[in-house]
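Before any comments, here is the structure.
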Amino acid sequence: MNSVSAVSSIAISRAPRSAAGLAFCAIAVAALLLAPIAMVLGGAFAPGQGTWQHLTATVLPDYVASTLWLGLGVAFGVMLMGVSGAWLVTTYRFPGRALFEWALILPMAVPGYVIAYAYTDFLQFAGPVQGALRAITGWQAGEYWFPDIRSLGGAILVFSLVLYPYVYLLARAAFLEQSANLVEAGRLLGRGAWGTFFRVALPLARPAIAAGTSLALMETLADFGAVSYFGVQTFTTGIYRAWLSMGDPAAAAQLSAALLAVVFAVLLVERWNRGQARYYDYSMRSQGRLHRLSGRGATAAVLVCAVPPALGFLLPAVILIHRVVAESGPLFSERFLSLAINSFTLSGITAAAAVALALLLAYAARLSHWRPVHIANRVAALGYAMPGAVIAVGILVPVALLDNWLAAWLEAQWGMKVGLIFTGSVIALVYAYLVRFLAIALQAVEAGLAKIRPSMEDAARSLGRTPGQVLARVHAPMMGSSLLAAGLIVFVDVMKELPATFAMRPFNFDTLAVQAYHYASDERLAEAAAASLVIVGVSLVPVIVLSRVIAKGRETSG
């Protein structure tokens, strides 16, 4: 008894110090992740070179208008495709429903800039569609009108096809959680299928739909590759123009601050919608039986569910594969292998670091009741709402100042001329990735950690284990699937990331995403297709895993 009491007292005495250390580490990590955002806001008030006044008088109104119309169009598109698909597969039985249930997620594997390249190749004047049209009609150039995919309307279509799965996933989860009794009550009160949907199901799912739409809008605002390739003037393209073409970091910071204001406005609207829409269901949650569709209803349901994945995944994949196969020259050269290694290396390093930091932040919040630690977790998640261009500006400015100061100090002390150490390095690039994507890993790790009962760590602590030992020997093995999922998702997001990579990559260090953008900009779409196809192939892995998880969840709920 005495030995047990001694062990327990030692564990209790060591626990607070270890927990306090984890808490301070979590706060330090959150501060580092918040620093680029703070630098952008601070840099907006720095004296510039007169570029901001020039932008305000010339192109800033175009940036505002294009960004606004792009956001409104994408919001409408993702809600239309995501909500309709989610409602059909969760409520009705029709041919192919089980296939569409997971196929509707597939466009998540295709980056926006990749589908932009594919559709440009497919729909341009020299492409197969217009070529076939001219062959059938005998028309010549200038004798017919054909919609231009490289336009604001084309950008809205591309982003809607790629980003609607955000709305589909959240809306489908909301529809599955709704009580079948409520839907049946609506039908008994004389509401038809559409009346039940608009008066009962849709209002109950409104917070989830708003959350999915806000995620899609943030991804739209963060994009650089597709809008730049299509020639759409948005805040993101303006930031790169001010930074790289005009050489004015202050103007880039001011545009970044304006974009941050737009992002925060989107987040506030989503939070307001979630806060105002509170629906409580105390009845038994059961999905109920699926209503069978036949005839025209079944045909319409198949078309509604088939068109988004066909246009958002299947057709672009076929275009890319055809381009790669039809190209006579060697596409997968030694240069291509080097780009793939760069992409996989950056993605692997960032994924491992993100999982480790997310584990630190989540476990510190679990152990500590100190409010700043929980605030630190929320602050660390802000980076996901920040476009890569904004993060790049927020990192490059202070890192360049640090490099200049360090180079001057080393030269003054020892006569060493080292040049720039951190600017344009892999370290700075991984830092930008962590600011951008740590929130994804943190969400997955927090969900996995919440499933572990506190009694298990209490038992380990009573045996004299420190919090770090409990985390390494008890929690981490039990959270293997959650940690793997977090790392996998971050890995793929880094593979697809273009804005931050484009601005911050080291000299003569390219990735598949950057190379695809360069090739597409030079109209070398076959070479762009090879790099894009690899990115899509790698991105399919977490999408397939996600679809299996959803399928298992459906089997369990059923």
Which pair of non-hydrogen atoms, one from [X] and one from [Y], has the smallest distance, and what is that distance?
X      : Y      : answer
Ala35  : Tyr431 : CB-OH, 3.9 Å
Ser347 : Val494 : OG-CG1, 3.6 Å
Leu429 : Thr501 : CD1-CA, 3.8 Å
Pro316 : Ile115 : CG-CG1, 3.7 Å
Gly77  : Ser160 : CA-OG, 3.6 Å
Pro36  : Ile391 : CB-O, 4.2 Å

Would you say the side chains of Tyr166 and Ser214 form a donor-acceptor pair under 3.5 Å? no

Could you walk me through whether Val445 and Leu483 pass the side chain to side chain contact (heavy atoms under 4.5 Å, CB included) test, one step at a time? CA-CA 6 Å; Val445 171; Leu483 298 180; 3.8 Å; yes

Any side-chain heavy-atom pair from [X] and [Y] closer than 4.5 angstrom?
X      : Y      : value
Val89  : Phe175 : no
Cys25  : Leu360 : yes
Trp69  : Val64  : no
Val83  : Val167 : yes
Arg505 : Thr511 : no
Leu32  : Leu434 : no
Phe76  : Ile156 : no
Thr236 : Leu221 : no

Distance from [X] atom [atom1] to [Y] atom [atom2], nearest 0.5 Å?
X      : Y      : atom1 : atom2 : result
Glu219 : Leu163 : CD    : CG    : 6.5 Å
Ile105 : Leu540 : CD1   : CG    : 11.5 Å
Thr234 : Asp223 : OG1   : CG    : 7.5 Å
Leu104 : Phe313 : CG    : CZ    : 13.0 Å
Phe437 : Asp493 : CZ    : CG    : 5.0 Å
Gln254 : Ile239 : CD    : CD1   : 11.5 Å

Whether the side chain of [X] engages the backbone of [Y] through a donor-acceptor N/O pair (distance < 3.5 Å, no angle test) should be reported.
X      : Y      : result
Tyr119 : Leu311 : yes
Tyr164 : Val74  : no
Ser66  : Gln233 : yes
Tyr113 : Lys496 : yes

Give me the one residue out of Thr350, Val355, Leu357, Val490 that meets side-chain contact (heavy atoms from CB on, under 4.5 Å) with Leu438. Leu357

Go through Val534 and Leu339 one step at a time and tell me if the side chain to side chain contact (heavy atoms under 4.5 Å, CB included) criterion holds. CA-CA 11 Å; Val534 173; Leu339 296 174; over 6 Å; no

Give the intermediate values and the outcome of ring-ring contact (aromatic ring centres under 6.0 Å, His included) for residues Tyr117 and Tyr229. CA-CA 8 Å; Tyr117 307 155; Tyr229 185 65; 5.0 Å; yes

Within a radius of less than 6.0 Å around CD1 of Ile427, do more than 12 heavy atoms belonging to other residues, nucleotides or ligands occur? no

Is there a side chain to side chain contact (heavy atoms under 4.5 Å, CB included) between Leu346 and Val426 once you walk through the steps? CA-CA 8 Å; Leu346 283 174; Val426 172; 3.7 Å; yes

Could you go through the side chain to side chain contact (heavy atoms under 4.5 Å, CB included) check for Val114 and Leu320 one step at a time? CA-CA 9 Å; Val114 169; Leu320 294 176; 3.7 Å; yes

What is the ring orientation for Phe502 with Tyr517, classed by angle as parallel under 30°, tilted 30 to 60°, or perpendicular over 60°? perpendicular

